[in-house]
Amino acid sequence: MSEETKALNFIEHIIEEDLANGLAKDKLRFRFPPEPNGYLHIGHTKAIGISFGLGETYNAPVNLRFDDTNPSKEEQEYVDAIKKDIAWLGYQWENELYSSDYFQKLYDWAIQMIKDGKAYVDSQTSEEIAEQKGTPTQVGKNSPYRDRSIEENLDLFTRMKAGEFPAGTHILRAKIDMESPNMLMRDPMMYRIMFEHHHRTGDDWCIYPMYDWTHGESDYIEQISHSLCSLEFKPHRDLYDWFKENVHVYAKDEFPMMPKQREFARLNLSYTIMSKRKLLRLVEDKFVSGWDDPRMPTISGLRRRGYTPNSIRQFIKKVGVAKRENVIDVSLLEFCIREDLNKSANRVMAVLDPIKVVITNYPEDKEEWLDAENNQEDATSGFRKVPFSREIYIEKDDFKEEAGSKYFRLKLGGEVRLKNAYIIKANSVVKDENGEITEIHCTYDEDTSKKVKGTLHWVSIKHAIEAEIREYDRLFMHESPDSDKDKDFMELLNPKSLTVKTAYLEPSLADVKVGEQFQFQRLGYFNVDNDSKAEKLVFNKTVGLRDSWEKIKPKPQNNQTQNKPQQQQQKRPALSVIQQLGKKYTNLPEEKQAKSKAEIQTLANDVAYDDLEPLFGTAVKKAGTRIATLIALKVLLKNGLERNETINEFIEKAKEDKNELLVAEASEI
RNA sequence: UGGCCCAUGGUGUAACUGGCAACACAUCUGUUUUUGGUACAGAAGAGUCUAGGUUCGAAACCUAGUGGGCCAACCA
């Protein structure tokens, strides 16, 4: 709605256009229609964000409607979980509704359609019906029951409802077109018989309406203006419209507006799966502790992991809305949570992988309580006291006996600052019989004004409290575990997705409460897990801090994920580099042109003629690419390639070009 | 043997009825910093899948091709 430079997505464009064409703004109405058969996940937040977000920007009502037409799968538990998650995200629905609220109305309309010859009862088996339906490339055949009389249809259908027939014996179908290229239009099913207890209507019904019939008409009854769903429902749109137009004839006074279905691409996140079925399997096979395991992409999992509603809403905003298949990099999600927590989380000190430091010139019985700032990003957050004493823990990673100048941390003979405390200098180490360092002996200096490169976090050993820390890595090793057709997704699981550690924390954390969030200084953001008790604290690592040291530090062993991108870059074929250089060629100043040219000439030595030839067909207007091709060609010729018809043609054509550089290059041959 | 949808830096999204391809993340440089964080400043990276066409001018419009996705549950 904002009047400023708007970068609207295609759905907003549609709405703006409808508004411009006379749709009253107060007629805008949206809905989010989950089926209560599972937990909501990060993929759903996109749909939620779109519809509820539209409601917020246009100040329009958004209904939460449970699409509960299949009692065999749906449960109240899921209804409750879904409501909780949406509310937690901070969205408010106008009405809490259920498709099952409309069962009677739907039934009445179905009767009307039978009377108008638009629906009929089919009494074949599901196999027979499936066979007659044809395939995407083959048309279907009419059912032998397609031309039953209206009376017979009415009789059968009312008896279906009355429970006179066993499940599977009859269905109600819309009479549309068995030869439609759209399979959904080949006399789709409207009702099936199901003797199942429904979580809301109990045993009132034994026939239940199908999705297409129910969903569209629910939108219609609620007078939804824009019904937004994901791409796979695109083919359903024809049917959505067909049902809608037919019912409109019966109800246009009561329900004047015809809703409009539009489809967007669903969200995919790298290294994670979104299928409810597969997520369920992770739960059932006990690979995770439950739907809310912090590694799960469910909303409840993210919540337990420490993701905030705000961070998720930001994420959805940044992800955008379009119709293109996409895979969002998890780093974007991580950026969003860091951005949020950076402002709000208090900083504390915790050592996850301890090594003991003895400050030899600090008196044994002395202790001091030093001031520590809670959050420098938040002026109101204040200070707390942290205890300092002769023996402290620092991270193992923060000490090396010897290290280069790029290592800012503690090394023998070197100095570092202890955050909120003194500057220490490492003098010697104590080792055990295996040569493992057990203690680092340091001396401290009370002058804290000195400039030192590194600052370490630490914890006084005698004041430290222990806690369990759960660190998480991605659940899958594969970038898109959902789409690998050769492998079952369970094979792609990361066996090291959970690491449990015992950490030492500063004592101010003694009475934290479940859900509280902190930044463990220099390590990352952590929250107090549901399992945490006063006697045994448990923290989850929400996300690490950005770590530029991690990227540059010398790596002891090959890390697969780190090496992969580099390999790809090295493998980049010479020809594609030449093409790229060519693209920019004509825009470069002369000296850079010369440089590019030299580079192309070098690269050309690694190019085979067969690979180069296709470039001769480059569009005329892409002069740069043609120049690069020409330069490379000249190298090949010089290396002994024989001229042929194609080559001559290419050169002649170049000579006639309007681009002078190209002509010049061509003339040199 | 079909129908529909999609194609813009590594990733994701923009570019209003054709007019210098922008923003975010990621990457890389610096500066500041008692977090190798944050903040700030900057850099690199795309002639918009290909080929034709329309036009003074095309990422956008048209045609064809290529590539990807979706469509055959008494699921939603």
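Each chain gets a letter, A, B and so on, in the order the sequences are listed, and its residues count up from 1.
For the ring pair (Phe, Tyr, Trp, His ring centres under 6.0 Å) criterion with A/His198, the lone passing option out of A/Phe103, A/Phe66, A/Tyr98 is A/Phe103. Partner of A/Asp482 under the salt bridge (charged side-chain N to carboxylate O under 4.0 Å, His left out) criterion, chosen from A/Arg277, A/Lys278, A/Arg266: A/Lys278.
One atom, CG of A/Asp18, and another, P of B/rC16, lie 19 Å apart when rounded to the nearest Å. Taking atom CD of A/Glu127 as the reference point, atom P of B/rC74 lies 9 Å away to the nearest angstrom. Atom-to-atom, NZ of A/Lys318 to P of B/rU11 comes out at 19 Å; the value is rounded to the nearest Å. Rounded to whole Å, atom P of B/rU33 lies 18 Å from atom CZ of A/Arg522. Between A/Asn9 atom CG and B/rC16 atom P the separation is 14 Å, expressed in whole Å. Rounding to whole angstrom units, CZ of residue A/Arg173 and C1' of B/rA73 are separated by 14 Å. Nucleotide B/rC5 holds its P atom 12 Å from the CZ atom of A/Arg262, rounded to whole Å. We find that CG of A/Leu239 is positioned 15 Å from C1' of B/rA72, with the value rounded to whole Å.
Of the residues in residues 332-343 of chain A, those with a non-hydrogen atom less than 4.0 angstrom from any atom of RNA chain B are A/Leu332, A/Phe335, A/Asn342.
A/Lys551 has a side-chain polar atom (N or O) that falls below the 4.0 Å cut-off from OP1 or OP2 of B/rU27. At least one side-chain nitrogen or oxygen of A/Lys323 sits closer than 4.0 Å to the OP1 or OP2 atom of B/rC6. Taking side-chain N and O atoms only, A/Thr135 has no distance below 4.0 Å to OP1 or OP2 of B/rC71. Of the side-chain N and O atoms in A/Arg277, none sit less than 4.0 angstrom from OP1 or OP2 of B/rA73. For B/rC75, neither phosphate oxygen OP1 nor OP2 lies less than 4.0 angstrom from any side-chain nitrogen or oxygen of A/His215. The phosphate of B/rG3 has neither OP1 nor OP2 within less than 4.0 Å of any side-chain N or O from A/Arg237. For the pair A/Ser72 and B/rC75, the criterion of a side-chain N or O lying under 4.0 Å from OP1 or OP2 is not met. The shortest distance between the side-chain N/O atoms of A/Arg347 and the OP1/OP2 oxygens of B/rU38 is not below 4.0 Å.
Remark: the A/Glu377 side chain and the B/rG37 base include a donor-acceptor N/O pair separated by less than 3.5 Å. Donor-acceptor pairing under 3.5 Å, judged by distance alone, is absent between the side chain of A/His13 and the base of B/rA14. Counting atom types as modelled, A/Gln376 pairs no side-chain N or O with a base atom of B/rU33 as donor and acceptor under 3.5 Å.
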Both distances under 3.5 Å, Watson-Crick or G-U wobble: on that basis, could you give the dot-bracket string for RNA chain B, with [ ] for crossing pairs and | for other-strand partners?
.((((((..((((.....[..)))).(((((.......))))).....(((((..]....))))))))))).....
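With respect to the salt-bridge test (charged N to carboxylate O, under 4.0 angstrom), the residues A/Lys385 and A/Asp371 qualify. A salt bridge links A/Asp398 and A/Arg522; the closest N-O separation between the charged side-chain nitrogens and carboxylate oxygens is under 4.0 Å. The pair A/Glu415-A/Lys453 does not meet the salt-bridge criterion, since no charged nitrogen lies less than 4.0 angstrom from a carboxylate oxygen. Checked for salt-bridge contact, A/Asp177 and A/Arg186 miss the test: no charged N lies under 4.0 Å from a carboxylate O. A salt bridge does not link A/Arg347 with A/Glu373: none of the charged nitrogens is closer than 4.0 Å to a carboxylate oxygen.
Separation of the A/Phe10 and A/His13 ring centroids does not fall under the 6.0 Å cut-off. Centroid-to-centroid, the aromatic rings of A/Tyr107 and A/Phe157 come within less than 6.0 Å. Taking the six-membered ring for Trp, A/Tyr208 and A/Phe195 have ring centres at least 6.0 Å apart. Aromatic ring centres of A/His215 and A/Tyr211: separated by under 6.0 Å.
The P atoms of B/rC40 and B/rC25 are separated by 10 Å, rounded to the nearest whole Å. Rounded to a whole angstrom, the distance from the C1' atom of B/rG37 to that of B/rU31 is 16 Å. Taking atom P in both B/rA73 and B/rG9, the straight-line distance is 36 Å, to the nearest Å. Separating the P atom of B/rU48 from that of B/rG53 is a span of 16 Å, rounded to the nearest Å. Of the P atoms belonging to B/rU33 and B/rA43, the separation is 24 Å, rounded to the nearest Å. To the nearest whole angstrom, the two P atoms, one in B/rA22 and one in B/rA59, are 13 Å apart. Taking atom P in both B/rU11 and B/rG57, the straight-line distance is 32 Å, to the nearest Å. Rounded to whole Å, the C1' atom of B/rG68 lies 11 Å from the corresponding atom of B/rC49.
Listed nucleotides: B/rC70, B/rG37, B/rA76. Nearest to the side chain of A/Glu74: B/rA76. When the nucleotides B/rG37, B/rG36, B/rG12 are ranked by their closest atom to the side chain of A/Ile328, B/rG12 comes out on top. For A/Thr137, counting side-chain heavy atoms from C-beta on, the closest listed nucleotide (B/rU35, B/rU1, B/rC75) is B/rU1. Side-chain proximity of A/Thr455 to the nucleotides B/rA14, B/rU35, B/rA15 is greatest for B/rU35. Considering only the side chain of A/Pro235, B/rC71 comes nearest among B/rG36, B/rA76, B/rC71. In this structure, the nucleotide among B/rA76, B/rU33, B/rA26 sitting nearest to the side chain of A/Lys451 is B/rU33. For A/Ile171, counting side-chain heavy atoms from C-beta on, the closest listed nucleotide (B/rC74, B/rA76, B/rG37) is B/rC74. Among B/rA14, B/rU34, B/rC25, the nucleotide with an atom closest to any side-chain atom of A/Thr448 is B/rU34.
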Listed pairs under 3.5 Å, donor-acceptor, residues 35-43 of chain A side chains, sequence neighbours left out:
from, atom 1, to, atom 2, distance (Å)
A/Glu35, OE1, A/Asn37, ND2, 3.0
A/Asn37, OD1, A/Lys276, NZ, 2.6
A/Tyr39, OH, A/Glu77, OE2, 2.9
A/His41, ND1, A/Gly43, N, 2.9
A/His41, NE2, A/Met274, O, 2.8

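When heavy atoms are screened at a 4.0 angstrom cut-off, A/Asn182 is found touching no nucleic acid atom at all. Across all strands, A/Val452 comes closer than 4.0 Å to no nucleic acid atom at all (heavy-atom distances). Among the heavy atoms of the strands lying under 4.0 Å from A/Arg417 is at least one base atom, whether or not backbone atoms are also near. Residue A/Glu373 is out of contact with every strand shown, counting any heavy-atom pair closer than 4.0 Å.
Comparing A/Ala322 and A/Pro34 along RNA chain B, the residue whose closest nucleotide (by nearest heavy atom) sits nearer the 5' end is A/Ala322. Residues A/Asp329 and A/Thr125 both approach RNA chain B. Their nearest nucleotides, taken by heavy-atom distance, put A/Asp329 toward the 5′ side.
Checking side-chain atoms of A/Lys46 against main-chain N and O of A/Ala265 turns up a donor-acceptor pair under 3.5 Å.
Nearest approach of A/Leu267 to A/Phe315, heavy atoms of both residues: CD2-CE2, 4.1 Å.
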